[in-house]
Amino acid sequence: MKNNLASVDLSVQKSNTVALTNTQRREFLRHVMRASMGLGVVSTMPLLNACRSGSSDVSSVASPPVANTTTSNTLDIDANRFAKIVANQAASATAPAQNTPTVLDNVEGTIPADLRGTLFHNGTGVYERDGERVLIPIDGDGMITKYQFRPSPTTGQNQATFSWTMTRTKKFTEEEAAGKRLYDTFSTQFPGVTPVNNIEAQVGVSVKHRFGQLFAFDETVPPYSVNPQTLQTNGLANMLLRSAENPRVFGAHSKVDPRNQEWIHFGIEYPGQQNRTDPIKIHITSINPDGSEKYWHKIGMPRSHNAYIHDFFLTENYIIFNLHPLIPNLARFGSGELTLVSSMEWFQHRGNLLLVIERSNPSVIKHQIAAPARFMFHVINAYEDENGQITADFIGYDDADLVVGDNSEFRRFFRGERLSNEETTGKPWRYLIDPVNGTAEQRLIVADADGFEFPEVNHGLESRDYRYFYCGFGPVNTLLTGVARVDSKTGVMDKYNFGDDFSVSEAVFVPKPGEPVSKDGDDKGYLLSTVFDANTEKSFLAIFESHQVGNGPVAKIHHDYPITFRVHGTWVPEQRRPQGQWNLLIRWFIEAKQEIL
């Protein structure tokens with residue numbers, strides 16, 4: 001078996017964008033906005049009419065002109081279908097929330113009989129309000145979707161029901177009542193809104209199921225609690241915040257240690273208006289399995305790396321923060337002059353700084369380790385080997401062009417500009433860290449991998465030695481078109497690509513019941529991903545066998561409408577009745593009845 005592990009570094013790739021003219025851009029934005037304003041996620045009416053191919057109604061904005069598609073480095077995708085993908089990712093859910101589950105009976109293939117439980121997926125449901133739209137993806141009001149899998153009461157075969165709701169945050173309910181923008185977001189300032197240096201919760205990034213509740217998370221804002229049965233919003237997650245005087249700060253990502261079910265969080269606290277020269281503080285909070293708080297600490301970032309970060313590494317004994325040099329201008333953000341995203345700058349020459357913290361003493365930074373500059377959104381996994389050495393795997397970029405500046409990939413994608421195949425794309429990287437001597441080296445996990453994002457592992461192996469991870473991939477990171485399984489030990493990949501006319505959301509790993517959890521096993525389970533098809537302008541849920549991704553989905557559960565991009569999800573297995581003596585009693589009763597008859 002060929003080993004594709006590589007320890008080479010890659011030079012920074014410069015983007016080579018094909019731009020629209022001002023007239024084309026205005027026409028395209030009209031096109032997207034009309035599609036966004038008319039979209040109802042659960043409506044069965046024709047959707048995204050302005051994007052329909054072959055439309056002859058110029059007054060309703062027919063297919064917009066886009067950049068010259070003959071340029072050699074431009075992505076090879078039909079312009080009209082690209083417009084539909086952008087419109088879907090920028091769309092807003094305007095139909096009433098569907099809290100009552102509806103059976104999805106348009107199934108291609110067969111839903112596995114042992115796929116029993118519920119998939120909750122979080123993402124943005126409202127990008128636009130009163131004609132004002134955010135500038136980048138993943139910066140809108142949160143919407144939770146729910147797929148529940150259980151046997152049909154009539155046929156006995158496994159079936160899926162679907163429901164969804166907007167998380168009714170303070171921001172969402174006030175803006176819904178007013179019918180207009182009342183708050184800036186972390187990427188966008190709106191006309192008529194008083195600039196402030198705090199961000200109101202939208203909680204549209206991730207969702208976790210713990211203690212009988214759903215917790216919806218965002219960046220640096222309080223999480224919300226949602227009822228997993230009814231999808232009704234309970235309000236702020238006060239059991240996590242603990243104190244009004246000293247509230248804990250939470251980010252979008254947390255980790256559950258499978259050894260003891262300890263739930264580890266981090267969050268970023270930015271200085272207030274009166275303390276703009278203070279360092280950014282990292283909150284580290286640990287929640288016990290019974291819901292009580294184990295500890296809460298705050299540590300200051302080194303001033304050279306007062307960074308925005310989105311995720312962190314967890315091992316059996318360590319918490320590690322990867323401080324890439326993506327630095328907000330705290331004075332301009334703190335004064336309300338700029339949004340958090342607009343204030344960020346990338347300082348390549350500073351490199352990265354790894355903060356190594358012992359879980360047994362989380363208030364102290366044990367090591368600060370310098371590493372080459374590399375932007376990171378998401379962690380793959382991390383663990384310690386038998387010698388105590390740390391392996392920390394992540395999706396890394398040569399720079400932060402994905403998010404930084406007016407011409408970031410996020411902004412250009414939302415403006416409808418055709419992206420090139422020379423964008424800086426995510427690759428699977430690895431740090432090898434010596435926590436005793438405080439040294440680290442980095443290497444590529446797969447030399448020829450490109451356009452990777454939203455990595456997943458079997459959560460039974462989180463913070464433990466593992467072999468396989470799963471992720472989306474595509475020609476650029478704002479347009480994922482397929483799902484991959486990657487062997488982190490050998491670099492061998494098993495991939496399925498739907499094609500450039502499709503937009504793939506995060507694929508959530510679901511373990512098969514009874515399957516042993518082992519770093520040396522086949523890691524058998526399922527991958528569930530919501531996929532938008534630009535040809536039909538509808539979405540479907542794709543179900544893969546995790547150990548046979550290249551064979552394609554074993555089932556596609558079709559919707560009659562599109563679903564906005566799903567960001568991060570969680571799987572809750574069915575709670576089955578205890579076995580053993582109960583089954584023996586039933587069997588004894590049946591056998592006794594047969595003898596009597």
Side-chain angles (χ1 to χ4, degrees), residues 197-199 217-223 240-243 245-257 262-272 274-288 292-330 333-334 340 344 347 350-371 374-379 382 384 390 392 394 431 433-440 463:
N197 71 317
N198 63 303
I199 303 169
F217 293 93
D218 207 334
E219 302 279 28
T220 74
V221 295
L240 299 182
L241 298 173
R242 303 289 170 177
S243 166
E245 294 75 26
N246 293 295
R248 285 58 172 147
V249 178
F250 295 88
H253 286 279
S254 60
K255 317 285 183 189
V256 176
D257 189 332
E262 184 182 352
W263 193 15
I264 310 292
H265 295 262
F266 93 101
I268 302 299
E269 180 185 340
Y270 295 97
Q274 307 305 318
N275 305 291
R276 297 177 201 164
T277 60
D278 287 356
I280 295 173
K281 292 182 175 62
I282 303 175
H283 288 231
I284 305 174
T285 307
S286 175
I287 309 296
N288 288 313
S292 62
E293 186 174 271
K294 182 176 181 179
Y295 59 73
W296 167 60
H297 294 284
K298 290 196 289 186
I299 59 173
M301 289 185 180
R303 292 187 182 278
S304 63
H305 285 74
N306 247 359
Y308 159 81
I309 55 175
H310 182 69
D311 204 350
F312 70 105
F313 299 106
L314 180 74
T315 71
E316 182 176 5
N317 295 297
Y318 296 95
I319 297 170
I320 302 167
F321 295 104
N322 186 12
L323 304 187
H324 44 216
L326 181 59
I327 313 298
N329 186 318
L330 295 179
F333 169 56
L340 178 60
M344 293 178 185
F347 295 89
R350 297 189 189 181
N352 285 27
L353 196 64
L354 301 175
L355 304 186
V356 180
I357 298 168
E358 293 179 327
R359 288 175 62 176
S360 60
N361 188 18
S363 62
V364 177
I365 300 173
K366 181 177 183 181
H367 291 297
Q368 299 182 28
I369 306 173
R374 194 159 307 287
F375 174 66
M376 180 190 86
F377 253 140
H378 295 116
V379 164
E384 301 160 43
I390 297 172
F394 64 103
Y431 288 129
I433 302 170
D434 183 343
V436 176
N437 298 313
T439 60
S463 75

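Sequence positions, counted from 1, serve as the residue numbers for this chain.
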Check: [Y] main-chain N/O paired with [X] side-chain donor or acceptor under 3.5 Å:
X	Y	value
Arg248	Leu240	no
Asp311	Val379	yes
Asp434	Thr439	no
Glu269	Val249	no
Asn352	Arg374	yes
Glu358	Lys366	no
Asn361	Val364	no

With rounding to the nearest 0.5 angstrom, report the [atom1] to [atom2] distance, [X] to [Y].
X	Y	atom1	atom2	value
Thr315	Asp257	OG1	CG	9.0 Å
Ile319	Ile284	CD1	CD1	5.0 Å
Arg303	Ile280	CZ	CD1	10.5 Å
Ile282	Ile309	CD1	CD1	4.5 Å
Met376	Phe313	CE	CZ	5.0 Å
His310	Ile268	NE2	CD1	11.5 Å

Q: Identify the residue among His324, Gln368, Arg350 that makes a side chain to side chain contact (heavy atoms under 4.5 Å, CB included) with His305.
A: Arg350
Work out which heavy atom in [X] is nearest to a heavy atom in [Y]; give both atom names and the distance.
X	Y	answer
Ile264	Glu262	CD1-OE2, 3.1 Å
Pro325	Gly351	CD-O, 3.3 Å
Asn306	Pro328	O-CD, 3.1 Å
Phe312	His253	CE2-O, 3.6 Å
Leu354	Tyr431	CD2-CE1, 3.6 Å
Pro223	Leu241	CD-CD2, 3.9 Å

Q) Do Thr285 and Glu293 have side chains that get closer than 4.5 Å, going by heavy atoms? A) yes
Q. Using 30° and 60° as the class limits, which term best fits the ring planes of Phe217 and His265: parallel, tilted or perpendicular?
A. tilted
Q. Any idea how His283 and Trp296 line up, ring-wise: parallel (<30°), tilted (30 to 60°), or perpendicular (>60°)?
A. tilted
Q: Just jot down the side chain to side chain contact (heavy atoms under 4.5 Å, CB included) partners of Pro362, sequence neighbours excluded, or say none.
A: Tyr295, His297, Ile357
